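Here's the structure, in structure tokens; my notes come after.
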Amino acid sequence: MTQIEFHIMDETTGDKAYLQLVGQQIQKLYRQSRKIYIHANSEQQAKAIDEWLWTQDLEDFIPHNLVGEGPNKTPPVQIGFQEPPQNQHDCLINLSGEIQNFFSYFLSCLEVVPNQDEAKEKARERYKFYRSHGYPLKHHKH
């Protein structure tokens with residue numbers, strides 16, 4: 001059964017801090033040799049995450065690509081905003097603000113929530129859904 005983790009930002013911060021938190025979670029999972037699919041809320045957000053990963057120091061570089069782009073050999077991190085890659089079933093980082101119908105294909109699902117009233121309210125609804133369906137839940141404040 002898919003393990004669900006909520007990562008909630010404590011402070012009201014901008015997009016840069018949100019990207020940093022997402023990036024920290026990607027780096028942590030990558031160091032654990034996890035394969036990661038990041039489901040962005042839009043093409044713009046997917047490209048922003050891609051760009052953020054490209055700007056990291058060389059020792060922190062993480063092989064990644066946007067879904068449908070890149071080499072034939074799939075990198076450990078893929079970023080998309082529509083359908084997930086078919087061969088990626090380890091870890092989902094969901095940034096869409098909505099439950100994705102494919103979340104249960106993954107071993108774990110991270111929900112990264114900015115400190116905004118609307119985003120937190122939507123996160124509460126997702127939390128209730130996961131809990132009512134018996135998924136194991138964890139939550140972290142950042």
Side-chain angles (χ1 to χ4, degrees), residues 1-131 133 135-142:
M1 182 168 265
T2 305
Q3 169 72 50
I4 310 292
E5 288 186 26
F6 280 81
H7 292 265
I8 303 165
M9 296 183 77
D10 263 346
E11 299 176 23
T12 303
T13 52
D15 290 342
K16 187 173 183 176
Y18 182 73
L19 275 177
Q20 287 178 328
L21 175 58
V22 171
Q24 290 168 359
Q25 296 308 310
I26 295 167
Q27 288 171 334
K28 177 182 168 187
L29 293 165
Y30 177 73
R31 287 186 197 114
Q32 297 171 0
S33 299
R34 304 286 304 267
K35 302 237 184 261
I36 306 156
Y37 170 61
I38 301 140
H39 188 77
N41 65 17
S42 65
E43 182 177 9
Q44 179 183 355
Q45 187 184 50
K47 288 181 177 181
I49 293 165
D50 178 53
E51 183 63 31
W52 187 89
L53 287 168
W54 280 114
T55 61
Q56 299 310 294
D57 291 336
L58 190 57
E59 63 270 5
D60 292 328
F61 178 74
I62 297 173
H64 68 282
N65 71 295
L66 294 166
V67 172
E69 295 182 4
N72 288 338
K73 184 172 179 351
T74 305
V77 175
Q78 295 187 71
I79 308 159
F81 60 97
Q82 294 175 324
E83 291 299 313
Q86 293 183 0
N87 59 348
Q88 187 72 288
H89 300 289
D90 187 9
C91 186
L92 166 66
I93 297 178
N94 183 23
L95 308 178
S96 72
E98 299 175 0
I99 295 170
Q100 297 303 309
N101 61 359
F102 51 77
F103 81 91
S104 62
Y105 301 164
F106 293 84
L107 297 175
S108 63
C109 173
L110 279 69
E111 297 270 355
V112 182
V113 183
N115 188 9
Q116 300 164 347
D117 290 340
E118 183 180 342
K120 289 166 84 174
E121 186 58 39
K122 289 175 89 175
R124 285 184 195 99
E125 293 301 317
R126 293 192 309 276
Y127 188 92
K128 289 176 188 175
F129 171 86
Y130 294 132
R131 184 180 61 200
H133 287 80
Y135 288 94
L137 294 161
K138 292 182 183 180
H139 67 281
H140 310 275
K141 291 198 177 206
H142 299 272

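All values below come from the heavy atoms of this structure, side chains included, with hydrogens, waters and symmetry mates left out. All values reported here derive from a predicted model rather than from experimental measurement.
Here the side chains of W52 and Q20 are in contact, with some heavy-atom distance below 4.5 Å. Considering only heavy atoms from C-beta on, N41 stays 4.5 Å or farther from L95 through its side chain. Residues I26 and I49 are in side-chain contact: their nearest non-hydrogen atoms beyond the backbone lie under 4.5 Å apart. A 4.5 Å side-chain heavy-atom check between P75 and V77 finds every atom pair outside the cut-off. The shortest distance between side-chain heavy atoms of L29 and D90 does not fall below 4.5 Å. Between Y18 and M9, the closest side-chain pair of non-hydrogen atoms falls below 4.5 Å. In this structure, the side chains of L107 and Q3 stay at 4.5 Å or more apart for every pair of heavy atoms. Here the side chains of D60 and R31 are in contact, with some heavy-atom distance below 4.5 Å.
Rounded to the nearest 0.5 Å, atoms CD1 (I8) and NZ (K141) are 6.0 Å apart. Between the CZ atom of R126 and the CD atom of E98 there is a distance of 8.5 Å, given to the nearest 0.5 Å. Atoms NZ and CD, from K120 and E125 in turn, are 14.5 Å apart once rounded to the nearest 0.5 Å. Going from atom CD of Q27 over to atom CD1 of I36 covers 10.0 Å, rounded to the nearest 0.5 Å. Remark: H140 NE2 to D10 CG distance equals 13.0 Å, nearest 0.5 Å. Between the CD1 atom in I38 and the CD1 atom in I93 there is a gap of 5.0 Å [rounded to 0.5 Å].
Contact check on K47 versus E43 returns a salt bridge, with a Lys/Arg side-chain nitrogen under 4.0 Å from an Asp/Glu carboxylate oxygen. Between E121 and R124 there is a salt bridge, since a side-chain N of the basic residue sits under 4.0 Å from a carboxylate O of the acidic one.
D117 CG: 12 or fewer foreign heavy atoms inside a 6.0 Å radius. Counting non-hydrogen atoms of neighbouring residues, nucleotides and ligands closer than 6.0 angstrom, the NE2 atom of H139 reaches no more than 12 such neighbours. Dense packing is recorded around CD of Q32, with more than 12 heavy atoms of other residues, nucleotides or ligands lying under 6.0 Å away.
Minimum heavy-atom separation, V112 to P114: O-CD, 3.8 Å. In terms of heavy atoms, F129 sits closest to I99 at CD2-CD1, 3.1 Å. R34 and C91 make their closest contact through NH2-CB, 3.9 Å (heavy atoms, listed as atom of the first residue, atom of the second, distance). The nearest pair of heavy atoms linking T2 to P136 is O-CD, 3.3 Å. When all heavy atoms of H133 and M1 are compared, the pair lying nearest together is O-CE, 4.2 Å. In this structure, Q82 and F102 approach most closely via the heavy-atom pair O-CE2, 4.0 Å.
In this structure, the side chain of Y105 does not engage the main chain of Q88 through any donor-acceptor pair within 3.5 Å. Between the side chain of Q78 and the backbone N or O of V67, no donor-acceptor pair lies under 3.5 Å.
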Derivation of the side-chain contact (heavy atoms from CB on, under 4.5 Å) call for Q24 and H7: CA-CA 11 Å; Q24 290 168 359; H7 292 265; over 6 Å; no
When you look at Y30 and H64, which way does the ring pair (Phe, Tyr, Trp, His ring centres under 6.0 Å) test go after all the steps? CA-CA 11 Å; Y30 177 73; H64 68 282; over 10 Å; no
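By the 30° and 60° cut-offs, the orientation of the rings of Y130 relative to F103 is perpendicular.
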